[in-house]
Amino acid sequence: MHPVHFTPADGQIVVDVRDQSERNRDGILPGAVALDAAAVAARLVPGLPTSLAAAGPDAQWLLVSGNGATAAAIATRLRDRGVQASSVDGGFRALTLGITPGAGRVTKSYERTLAQFAAHEA
């Protein structure tokens, strides 16, 4: 397990959508709101009885999943509902490797590492 140091853009609220078993195994994302993927829409869409207090119309959510794919799909669904949501390319694994959103091009070494992680998930 590698420590993760990540600072989102101003105004973004980071949401860790990995399930609890993943957080237990791989570590937490300091400062993130932890919500299982299935609960995200109910908690982040403004105006629902189950919405978080921070889920106002101006909230900017940055979703993080294990490899980024789940977070990207959820962010798309949230945007379809008018919510400002984006995701971290490469997910938590990219963050553990020290690769942050917008940090530049993906190296071959990084692609190989992600492929190894993906092979273990299959």
Side-chain angles (χ1 to χ4, degrees):
M1 191 174 352
H2 303 283
V4 175
H5 304 284
F6 170 67
T7 305
D10 284 341
Q12 287 184 318
I13 302 167
V14 180
V15 181
D16 184 346
V17 301
R18 297 174 299 144
D19 64 33
Q20 189 60 47
S21 66
E22 289 177 285
R23 289 189 288 269
N24 289 343
R25 181 190 68 220
D26 300 330
I28 64 166
L29 184 54
V33 175
L35 292 175
D36 284 354
V40 172
R43 307 293 282 163
L44 302 186
V45 174
L48 299 177
T50 55
S51 297
L52 296 175
D58 296 328
Q60 298 176 36
W61 305 104
L62 179 63
L63 309 181
V64 180
S65 61
N67 64 11
T70 299
I74 294 170
T76 297
R77 288 194 301 269
L78 288 171
R79 287 191 302 273
D80 289 346
R81 296 183 75 174
V83 176
Q84 296 180 62
S86 58
S87 62
V88 173
D89 290 338
F92 186 80
R93 291 197 174 83
L95 298 177
T96 63
L97 295 171
I99 299 169
T100 57
R105 68 180 185 81
V106 174
T107 65
K108 291 292 182 192
S109 172
Y110 173 66
E111 288 177 343
R112 282 192 301 273
T113 302
L114 280 184
Q116 289 170 343
F117 278 121
H120 289 288
E121 288 182 351

List the atom of V64, the atom of F92, and the distance in Å for their closest heavy-atom pair.
-> CG1-N, 3.6 Å
Decide yes or no on side-chain contact (heavy atoms from CB on, under 4.5 Å) for T96 and D26, but give the supporting numbers first.
-> CA-CA 9 Å; T96 63; D26 300 330; over 6 Å; no
side-chain hydrogen bond (donor to acceptor under 3.5 Å, both in side chains) pairs, two or more places apart, involving residues 71-81 | T76-R79
Any pair with a residue in residues 28-37 that passes side-chain hydrogen bond (donor to acceptor under 3.5 Å, both in side chains), sequence neighbours left out, goes on the list, sorted by first then second residue, please.
-> R23-D36
Identify each donor-acceptor pair in which a side-chain atom of residues 37-56 lies under 3.5 Å from a protein atom, sequence neighbours left out, and give them as a table.
| unit_1 | atom_1 | unit_2 | atom_2 | d |
| --- | --- | --- | --- | --- |
| R43 | NH1 | T50 | O | 2.7 |
| T50 | OG1 | A42 | O | 2.6 |
| S51 | OG | V45 | O | 2.3 |
| S51 | OG | L48 | N | 3.1 |
| S51 | OG | L48 | O | 3.2 |

Could you list the residues that satisfy side chain to side chain contact (heavy atoms under 4.5 Å, CB included) with A32, not counting sequence neighbours?
-> V14, D16, L29
Group every Ile, Leu, Val, Met, Phe, Trp and Tyr by side-chain heavy-atom contacts under 4.5 Å, then state whether L35 and I13 land in the same group.
-> yes
Which atom names give the shortest non-hydrogen contact between S87 and A72, and what distance separates them?
-> OG-CA, 3.4 Å
Is there a path of hydrophobic side-chain contacts, each under 4.5 Å between heavy atoms of I, L, V, M, F, W or Y residues, that connects W61 with I74?
-> yes
State yes or no: do L62 and V83 share one hydrophobic cluster built from I, L, V, M, F, W and Y residues joined by side-chain heavy-atom distances below 4.5 Å, directly or via other members?
-> no
Between N67 and T70 the two heavy atoms that sit nearest each other are OD1-N, 4.3 Å
Rounding to 0.5 Å, atoms CD (Q12) and CG (L63) come to a distance of 10.0 Å
Can you name the closest pair of heavy atoms from G68 and S65 and give their distance?
-> N-OG, 3.1 Å
